[in-house]
Participant: 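One structure is given below, represented as structure tokens, and several questions about it will come after.
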Amino acid sequence: MRLRQVSAPNFDLARTLDSGQVFHWEKGNAGFVGAIGGKAVFVEQRGGELFFTGASGKTIANYFSLDHPLAEICRSFPGDSAMTAAQDFCRGLRIIRQPRWECLATFITSSMKQVAHIRQISHTLRERYGEAQQVLSHEVHAYPSAERIAGLTEQELRKCALGYRAKNLLATARLVASGEANLEKWTGLPDEALRTRLCELPGVGAKVANCVMLFAYERLSAFPIDVWIERVLKQQYFPRKRKVTAQQLRAFCDRYFGKHGGYAQQYLFHHARKGGAAGKKGLAGC
DNA sequence: CTCCAGGGATGAT
DNA sequence: ATCATCCATGGA
């Protein structure tokens with residue numbers, strides 16, 4: 001199999017796929033095997049080039065947001081020490097453009113789960129209910145459509161280790177499949193209206209809504225606050241406050257991180273999770 | 001306001 | 001080998 005090639009300067013494929021925004025890519029053949037929408041894809045990075053097969057160069061470049069002006073985005077970040085360290089740690093990490101239903105469904109199943117569990121749930125749902133494809137002798141399953149999931153029972157979903165999330169995923173799948181919730185049409189909504197629509201879906205609260213806005217609707221100012229980010233924010237920006245409310249954090253983030261807050265959040269998140277010293281232990285005692 | 005639901009990887013003992 | 005911990009949403 002001959003691979004095709006696309007230029008990808010200022011991009012780090014492995015780091016991007018390991019940053020908790022997407023959960024189905026697996027290592028294989030010196031690169032990564034996964035799916036972009038319904039297409040099974042292999043992609044490998046060598047220096048500033050991506051070598052790939054299974055989709056067009058245009059699809060690859062669009063999925064990995066190779067057109068995002070990363071240097072300019074980083075220049076818009078605040079210059080504090082936490083942000084600078086995170087930025088340094090996350091070179092080449094990009095916010096990818098995910099299919100809307102796949103992203104929404106995945107983050108509904110992510111609630112109260114850690115990354116390893118989310119990967120497992122995604123894998124099981126794909127394997128049981130998604131269409132199989134081949135790439136370089138690897139079998140890859142597309143994420144099951146809303147229609148497919150809408151036709152399942154809560155019992156079947158529970159068997160995929162969804163627990164109480166099964167009910168929410170099923171209810172939301174049915175709203176999407178019936179057209180009552182039109183995810184594609186929502187691309188035209190302003191941020192606040194989009195967030196409101198998303199939060200009306202079962203299993204979607206503020207955190208999940210912001211993830212979907214950031215990863216599937218390219219709202220780069222959306223700033224999801226999970227426990228990791230909450231720890232970082234409290235430690236770095238409210239060091240001697242004993243009690244900081246969710247509202248205070250929210251107001252601070254919206255004001256402080258600017259129009260690319262979503263990127264700032266992703267960098268702080270990835271640095272906190274993978275950066276070692278700043279990980280759980282170091283922050284716990286504060 | 002508090003409490004709880006369901007579950008598997010992860011790290012401590 | 002056993003045990004506590006992690007964790008976002010929604011309903012009681």
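Note that the structure is a prediction, hence the values are computed from the model and not measured. Residue numbering restarts at 1 for every chain, and letters A, B, ... go by the order of the sequence lines.
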Participant: Which value, in whole Å, describes the distance between the P atoms of nucleotides dA12(C) and dG6(B)?
Facilitator: 14 Å
Participant: What is the distance from CZ of R119(A) to P of dT10(B), rounded to the nearest Å?
Facilitator: 11 Å
Participant: Suppose we screen for side-chain hydrogen bond (donor to acceptor under 3.5 Å, both in side chains). Which residues come up paired with K207(A), at least two apart in sequence or across chains?
Facilitator: none
Participant: With ring pair (Phe, Tyr, Trp, His ring centres under 6.0 Å) as the test, would you mind laying out the steps for F238(A) and F252(A) before giving the verdict?
Facilitator: CA-CA 10 Å; F238(A) 298 86; F252(A) 171 78; 5.3 Å; yes
Participant: Rounded to whole Å, how long is the line connecting atom CZ of R158(A) with atom C1' of dG7(B)?
Facilitator: 11 Å
Participant: Would you say T153(A) and Q155(A) are linked by a side-chain donor-acceptor pair, where the criterion is simply a distance under 3.5 Å?
Facilitator: no
Participant: Within the 3.5 Å criterion, strictly below it, is a donor on H138(A) or N29(A) matched to an acceptor on the partner's side chain?
Facilitator: yes
Participant: Look at R273(A) and dC6(C) and indicate whether a side-chain polar atom (N or O) is within less than 4.0 Å of OP1 or OP2.
Facilitator: no
Participant: Find the distance N168(A):CG to dG6(B):P and express it as a whole number of Å.
Facilitator: 13 Å
Participant: When all nucleic acid strands are considered with a 4.0 Å heavy-atom cut-off, which category describes V115(A): base, sugar-phosphate, or nothing?
Facilitator: nothing
Participant: Among the nucleotides dA9(B), dG8(B), dC7(C), which one has an atom lying closest to any side-chain atom of A116(A)?
Facilitator: dA9(B)
Participant: Go nucleotide by nucleotide along DNA chain B from the 5' end; which of S111(A) and Q120(A) gets its closest nucleotide reached first?
Facilitator: S111(A)
Participant: Whole angstroms only, please: what is the OH-P distance between Y164(A) and dA12(C)?
Facilitator: 15 Å
Participant: V227(A) or G203(A): which one's nearest nucleotide on DNA chain C is closer to the 5' end?
Facilitator: V227(A)
Participant: Give K207(A) one of three labels, base, sugar-phosphate or nothing, depending on what nucleic acid heavy atoms sit under 4.0 Å from its own.
Facilitator: sugar-phosphate
Participant: Taking the side chain of H117(A) as its heavy atoms from C-beta onward, which of dG8(B), dC6(C), dT9(C) lies nearest to it?
Facilitator: dG8(B)
Participant: Pick one: which of T106(A), L157(A), L162(A) meets side chain to side chain contact (heavy atoms under 4.5 Å, CB included) with I121(A)?
Facilitator: L162(A)
Participant: Take the protein atom NZ of K113(A) and the nucleotide atom P of dC7(C), then report the distance between them rounded to whole Å.
Facilitator: 13 Å
Participant: Give a yes or no on whether the ring-centroid distance for F64(A) and F52(A) is below 6.0 angstrom.
Facilitator: no
Participant: Name the stems with DNA chain C in them: runs of three or more consecutive Watson-Crick or G-U pairs, distances under 3.5 Å?
Facilitator: B:2-5 with C:9-12, B:7-13 with C:1-7
Participant: Tell me the side chain to side chain donor-acceptor pair (under 3.5 Å) pairs involving residues 41-56 of chain A, sequence neighbours left out?
Facilitator: Q5(A)-E49(A), E44(A)-R46(A), S56(A)-T59(A)
Participant: From the list dG8(B), dA8(C), dG6(B), which nucleotide is the closest neighbour of the side chain of R165(A)?
Facilitator: dG6(B)
Participant: Rounded to the nearest Å, what distance is computed from the CG atom of residue N210(A) to the C1' atom of nucleotide dA8(C)?
Facilitator: 13 Å
Participant: Can you check the L198(A) CG to dG10(C) P distance for me, whole Å?
Facilitator: 12 Å
Participant: Can you measure L169(A) atom CG to dT9(C) atom P for me and round it to whole angstrom units?
Facilitator: 15 Å
Participant: Would you say Q114(A) reaches dT10(B)'s phosphate, i.e. side-chain N/O to OP1/OP2 under 4.0 Å?
Facilitator: no
Participant: Should I149(A) and L183(A) be counted in the same cluster of Ile, Leu, Val, Met, Phe, Trp and Tyr side chains packed under 4.5 Å apart?
Facilitator: yes
Participant: Just checking I118(A): base, sugar-phosphate only, or nothing, at a heavy-atom cut-off of under 4.0 Å?
Facilitator: nothing
Participant: Can you tell me if the side-chain N/O atoms of W228(A) get under 4.0 Å from OP1 or OP2 in dC6(C)?
Facilitator: no
